[in-house]
Amino acid sequence: MAGGLKLSPCVEWLFADGGRPFAERIRAAATAGFRQVEFWTASNKDIVQVEDALRETGVAVTCFGSEPTGRLVDPKTHTEFLEGIERSTQMATRLEARHLIVVTGDALPGVNRMRQHDAITQALVRAAPIASAAGVQLVLEPLNTRVDHAGYFPDSTAEGLDIVREVNHPAVRLLYDLYHSVVMGEEPEHVLGGSGHLVGHAHIADAPGRHEPGTGTIDWPRQLAALRAAGYTGVVGLEYMPKRDTESSLS
C-alpha cells in the first residue's frame, strides 16, 4: 500500500536488477512489502518455481497476459485466440490470478476501422464465457501508437471503453494504462469520467521515458485523483523501467 493505493509491481521490469532470477523477483517484492505482483507471460517461466515463491511469500498474482497475443482485428485469428484463452485461464486458475491481459495486435492496413473494431468485440464476446467459467476477468489494453506501439489497435481509451460496453459482460473490462493514455494526449479525468466501473485494472509509469513516477512530467496527485474520482478502486500496477535500482525507484 502507498498513499491508500494497492500496488502491484510488474516483475518483468521491477526487481529484475542484476539479472535476478524470475522467482527471486517475487521474493524480493514480498520483502519490499508488496502483497501482489504481475508479469507479462507465463509460457516462458518455470511455473513450479513461481508457485513455490508464491506459496512461500503469500504473494498473489494480479494478472499476466493471455497467449498467444494474436491479431484480433482479423477474424481468422479468433480460433487460435480462443484456444489460447482456454489455456491461459487454466494457468490463471493454477496461479490464482484475477485477471488476464488481452492485447489485440496491429491494425490491418486498408481495412475499414469499424470492421476491425467489430472483430475485436466479437472475439471478446466469444472469450467472455470461457473466462467467466474460470472466475477470471479479461482486461483489454489500449496501447499508445505515438512512441511504443506504432500501428496498434485500439490506441484510445474511448474506443477501448466502447468495445467493453459492446461486449457487455462482467468478465471483460478495460486495462487503463495511464502512461499510454497520457502519451496519446488524453486527459484521464475526461476519458475515464463516469467509466471507472468498466476498468478492471490500471497501470502507471511516468512520461516521457516510461520510468518511475516522478521522473517525467505527469502530475501524479491530480491524475491519481482522477482515477479515483472515475470510480476505480482496484489494484494499480507499477509497469515502469526503473531508472536506477528498483528499491530506490520505489521511494
Side-chain angles (χ1 to χ4, degrees), residues 5-14 36-42 60-73 81 84-85 88-89 92 95 97-106 117 120-121 123-125 127-128 131-132 134 136-145 147-149 152-184 186 188 191-193 195-205 207 210 218 223-224 226-228 230-240:
L5 292 174
K6 293 170 284 195
L7 300 176
S8 169
C10 175
V11 289
E12 301 284 356
W13 278 338
L14 275 72
Q36 54 266 323
V37 298
E38 56 190 75
F39 47 92
W40 295 333
T41 53
V61 175
T62 308
C63 58
F64 60 90
S66 175
E67 297 177 86
T69 52
R71 198 177 191 184
L72 299 191
V73 292
F81 166 69
I85 290 288
S88 296
T89 53
L95 297 178
R98 306 160 200 166
H99 309 288
L100 279 175
I101 300 169
V102 175
V103 290
T104 51
D106 289 352
H117 173 112
I120 295 171
T121 304
L124 290 171
V125 164
S132 181
V136 175
Q137 193 172 73
L138 306 178
V139 284
L140 169 69
E141 184 170 24
L143 304 177
N144 84 77
T145 52
V147 175
D148 302 288
H149 302 280
Y152 185 84
F153 188 129
D155 62 2
S156 80
T157 301
E159 185 153 20
L161 285 168
D162 284 345
I163 291 169
V164 169
R165 290 188 187 96
E166 289 159 24
V167 174
N168 193 28
H169 195 294
V172 176
R173 289 292 181 259
L174 187 82
L175 195 172
Y176 178 69
D177 189 309
L178 201 144
Y179 164 79
H180 289 301
S181 178
V182 168
V183 167
M184 291 303 295
E186 298 179 350
V191 295
L192 288 179
S195 299
H197 64 292
L198 297 176
V199 178
H201 189 48
H203 281 163
I204 60 172
R210 207 171 187 180
I218 292 177
Q223 303 301 22
L224 291 174
L227 194 58
R228 284 192 292 268
Y232 181 71
T233 57
V235 174
V236 174
L238 302 174
E239 193 187 37
Y240 65 78

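Note that this is a predicted model, so its numbers are computed, not measured.
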_Working to the nearest 0.5 angstrom, can you tell me the gap between Ile204 CD1 and Leu224 CG?_
5.5 Å
*asked:* Please find the pair of heavy atoms, one from Val139 and one from His201, that lie closest to each other, and give the distance.
replied: CG1-N, 4.2 Å
*asked:* For a 4.5 angstrom cut-off between non-hydrogen side-chain atoms, does Val103 reach Trp40?
replied: no
*Any idea how Phe39 and Phe64 line up, ring-wise: parallel (<30°), tilted (30 to 60°), or perpendicular (>60°)?*
parallel
*Rounded distance [0.5 Å steps], CE in Met184 versus CG in Asp177*: 12.5 Å
*How far does CD1 of Ile85 sit from CG of Leu100, to the nearest 0.5 angstrom?*
6.0 Å
*side-chain contact (heavy atoms from CB on, under 4.5 Å) with Pro68: which residues, sequence neighbours excluded?*
Glu80, Arg87
*Could you tell me which non-hydrogen atom of Val136 sits nearest to which non-hydrogen atom of Ala171, and how far apart they are?*
O-CB, 4.1 Å
*Nearest heavy-atom pair of Thr233 and Lys6: which atoms, and what distance?*
O-NZ, 3.2 Å
*Look only at the side chain of Glu67 and the backbone of Gly84, and say whether a donor-acceptor pair between them is shorter than 3.5 Å.*
no
*Apply side chain to side chain contact (heavy atoms under 4.5 Å, CB included) to Glu239 and Glu12, showing your working.*
CA-CA 9 Å; Glu239 193 187 37; Glu12 301 284 356; over 6 Å; no
*Quick one: CD on Glu141 to NE2 on His203, what's the gap to the nearest 0.5 Å?*
6.0 Å
*For the residue pair Ser8 and Glu38, confirm or rule out a side-chain donor-acceptor distance under 3.5 Å.*
yes
*Under 4.5 Å between any side-chain heavy atoms of Asn144 and Tyr179, yes or no?*
yes
*So how far is it from Tyr232 OH to Leu192 CG, rounded to the nearest 0.5 Å?*
11.0 Å
_Is it true that Tyr176 and Thr157 share a donor-acceptor pair across their side chains at a distance under 3.5 Å?_
no
*Any side-chain heavy atom of Arg98 within less than 4.5 Å of one from Val235?*
yes
*Compare all side-chain heavy atoms of Leu227 with those of Pro188 and state whether any distance is below 4.5 angstrom.*
no
*Grab the two heavy atoms, one from Val167 and one from Leu124, that are nearest each other, plus how far apart they are.*
CG2-CB, 3.7 Å
*Over all heavy atoms of both residues, which pair between Ile101 and Cys63 is shortest? Give the atoms and the distance, please.*
CD1-SG, 3.8 Å
*Taking atom types as modelled and ignoring hydrogens, do the side chains of Thr104 and Tyr152 form a donor-acceptor contact shorter than 3.5 angstrom?*
yes
*Verdict with reasoning, Asp162 to His117, per side chain to side chain contact (heavy atoms under 4.5 Å, CB included)*: CA-CA 9 Å; Asp162 284 345; His117 173 112; 4.0 Å; yes
*Nearest atoms (heavy-atom pairs only) where His169 meets Arg173*: O-NH1, 3.3 Å
_Side chains of Glu159 and Leu140, heavy atoms from C-beta outward: is any pair under 4.5 Å?_
no
*Take Leu138 and Ser66 through the side chain to side chain contact (heavy atoms under 4.5 Å, CB included) test and state the conclusion after the steps.*
CA-CA 9 Å; Leu138 306 178; Ser66 175; 5.7 Å; no
_Reported CG-to-OG distance for the pair Asp155 and Ser181, which is rounded to 0.5 angstrom_ = 10.5 Å
_Apply side chain to side chain contact (heavy atoms under 4.5 Å, CB included) to residues Leu198 and Leu174 and explain how you reach the verdict._
CA-CA 6 Å; Leu198 297 176; Leu174 187 82; 5.5 Å; no
